[in-house]
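Below is one structure; the comments refer to it alone.
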Amino acid sequence: MSFSQSLWQANQDLFRSTLELPFNRELAAGTLSQERFRHYMIQDAHYLVAYGRALAVTAAKSDNAEGVVQFANAANEAVVVERSLHGGFMRDFGVTSEQFAATPLTPACHHYTHFLLATAWTSPYPVAVAALLPCFWIYAEVGRDIHARSASDNPYQAWVDTYASEEFHAAVRGVRATVDRLADEATEATRAAMHAAYRDAARLEWLFWDSAYRLDEWQGALK
C-alpha cells in the first residue's frame, strides 16, 4: 500500500460520512435549496483564493522544479476557477459581486483557510502537501460519487461535472504521487505529521459542506 493509500484508508469512515452529508445527498438529487447552494458558492469562492495562496507558498517550498510547476499551476487554476464562479455560477444563481464582497468568511471557511495557510507557511514541505491533498482528492471522489447518482435534469449538473472530470482526477493523481515520493524520503516523525495534517484537512472538508447546509455564520456578538 502506498503512503497516500494509507492516508485514505485511515480516514475511510470520515469520507463515508462526507458522502452522506445532507448537502451532498441533496446536491446529487437536485433538491438542494438555492439558498444553501448560494451560501456554499460564496464561501467556496472565498476559500479558493486562500487555497491558491497556500498552493503558491507550497510551490515556493518545493524540493524540485517539478513541484514548483505542479503547485504554481494548481494555484493558478484555483484562482481561474474562483473567477469563473463570478462570471458563471454566481451570475446564474443571482449572486452579485457586491453581495459576494460584503459576505464574510463563515467560521468553517475561516478555520479551513487559516489552517491551510498556517500549515503552508510554517510546516515542512511534505506536511504542507499532505494538508493540501484532501481538497484535491476528497472533492474529486465526492464529485465522482455525486455524478454517478445525479438526478436527470439536475440544476447543479454543471457544478457536479467540474469535479467529476478526468482533468481534475489527473491533478489528484499528480498530488498523490508527490505525497508518496515525499513520504518515502521522510522520517517517521514527518510521516506522522503528514497523517495528522491530512486528517485535519479532511475534517475541515466535512465541516465546510456541513456548515453550508446549516447556513452557518457568526452569531450574536461574534458578527
Side-chain angles (χ1 to χ4, degrees), residues 1-25 40 43-44 46-48 50-59 61-63 67 70-71 74-75 78 105-146 163 168-169 171-214 216:
M1 180 185 295
S2 70
F3 183 79
S4 63
Q5 287 173 324
S6 76
L7 293 175
W8 189 263
Q9 286 298 118
N11 294 282
Q12 271 282 5
D13 289 348
L14 181 55
F15 174 65
R16 284 193 290 267
S17 177
T18 300
L19 292 180
E20 293 305 314
L21 283 169
F23 186 98
N24 290 326
R25 290 203 312 269
Y40 173 82
Q43 294 305 312
D44 196 45
H46 281 309
Y47 169 86
L48 284 169
Y51 190 59
R53 294 181 193 277
L55 287 162
V57 173
T58 303
K61 286 188 167 185
S62 176
D63 61 347
Q70 179 182 28
F71 293 108
L105 276 65
T106 62
C109 188
H110 184 275
H111 187 173
Y112 196 2
T113 57
H114 280 66
F115 164 74
L116 290 176
L117 286 165
T119 303
W121 279 110
T122 65
S123 296
Y125 176 58
V127 179
V129 176
L132 294 169
L133 179 57
C135 183
F136 282 97
W137 199 358
I138 294 174
Y139 237 116
E141 293 302 327
V142 169
R144 177 180 280 165
D145 178 80
I146 292 174
Y163 294 101
F168 198 77
H169 284 273
V172 174
R173 291 191 293 271
V175 179
R176 284 184 59 193
T178 299
V179 165
D180 288 336
R181 177 182 66 81
L182 294 171
D184 286 344
E185 300 168 358
T187 64
E188 284 303 312
T190 297
R191 288 161 67 93
M194 292 169 74
H195 262 282
Y198 180 96
R199 174 72 173 176
D200 285 342
R203 286 170 172 158
L204 289 165
E205 283 287 324
W206 185 99
L207 187 64
F208 195 91
W209 274 303
D210 179 66
S211 69
Y213 191 81
R214 293 184 287 105
D216 194 28

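Computed from a predicted model, the values in this text were never measured in an experiment.
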Could you pull out the closest heavy-atom pair between [X] and [Y], with the gap in Å?
X    : Y    : value
S211 : A108 : OG-CB, 3.4 Å
E205 : Y112 : OE2-OH, 2.5 Å
A131 : T119 : CB-CG2, 3.8 Å
T106 : D216 : CG2-O, 3.2 Å
F168 : C135 : CZ-O, 4.3 Å

Do side-chain atoms of [X] reach the backbone of [Y] as a donor and acceptor pair under 3.5 angstrom?
X    : Y    : answer
S123 : A120 : no
T178 : G174 : yes
Q43  : A212 : no

Practice item. Only counting residues at least two apart or in another chain, list the ones meeting side chain to side chain donor-acceptor pair (under 3.5 Å) with T18. Key: none
Study note, to complete from the structure: For S17, the side chain to side chain donor-acceptor pair (under 3.5 Å) test, sequence neighbours excluded, returns W206
Partners of [X] by side chain to side chain contact (heavy atoms under 4.5 Å, CB included), sequence neighbours excluded?
X    : result
A74  : L55, F136
T187 : A189, T190
R25  : E20, P22, R149
T113 : Y47, A50, L105, C109

Check your understanding: Got a sec, which residues hit ring-ring contact (aromatic ring centres under 6.0 Å, His included) with Y213, two or more places apart in sequence or on another chain?
Key -> none
Could you list the residues that satisfy salt bridge (Lys or Arg N to Asp or Glu O under 4.0 Å) with [X], not counting sequence neighbours?
X    : result
D184 : none
R176 : none
R144 : E141
D63  : R181

Review point. NE2 of H169: more than 12 outside heavy atoms within 6.0 angstrom?
Key: yes
Going by atom type alone, with no hydrogens or angles, which donor-acceptor pairs under 3.5 Å involve a side-chain atom of residues 193-200 and a protein atom two or more places apart or on another chain?
from, atom 1, to, atom 2, distance (Å)
H195, NE2, S6, OG, 3.4
R199, NH1, N11, OD1, 2.8
D200, OD1, R203, NH1, 3.3

Rounded at 0.5 Å granularity, tell me how far [atom1] in [X] sits from [atom2] in [Y].
X    : Y    : atom1 : atom2 : value
L21  : W209 : CG    : CH2   : 8.0 Å
K61  : W121 : NZ    : CH2   : 8.5 Å
L116 : H111 : CG    : NE2   : 9.5 Å
L132 : F71  : CG    : CZ    : 6.5 Å

Pairwise side-chain contact, [X] with [Y], heavy-atom cut-off 4.5 Å (strictly under):
X    : Y    : result
V129 : V175 : yes
I138 : W8   : yes
Y125 : L182 : yes

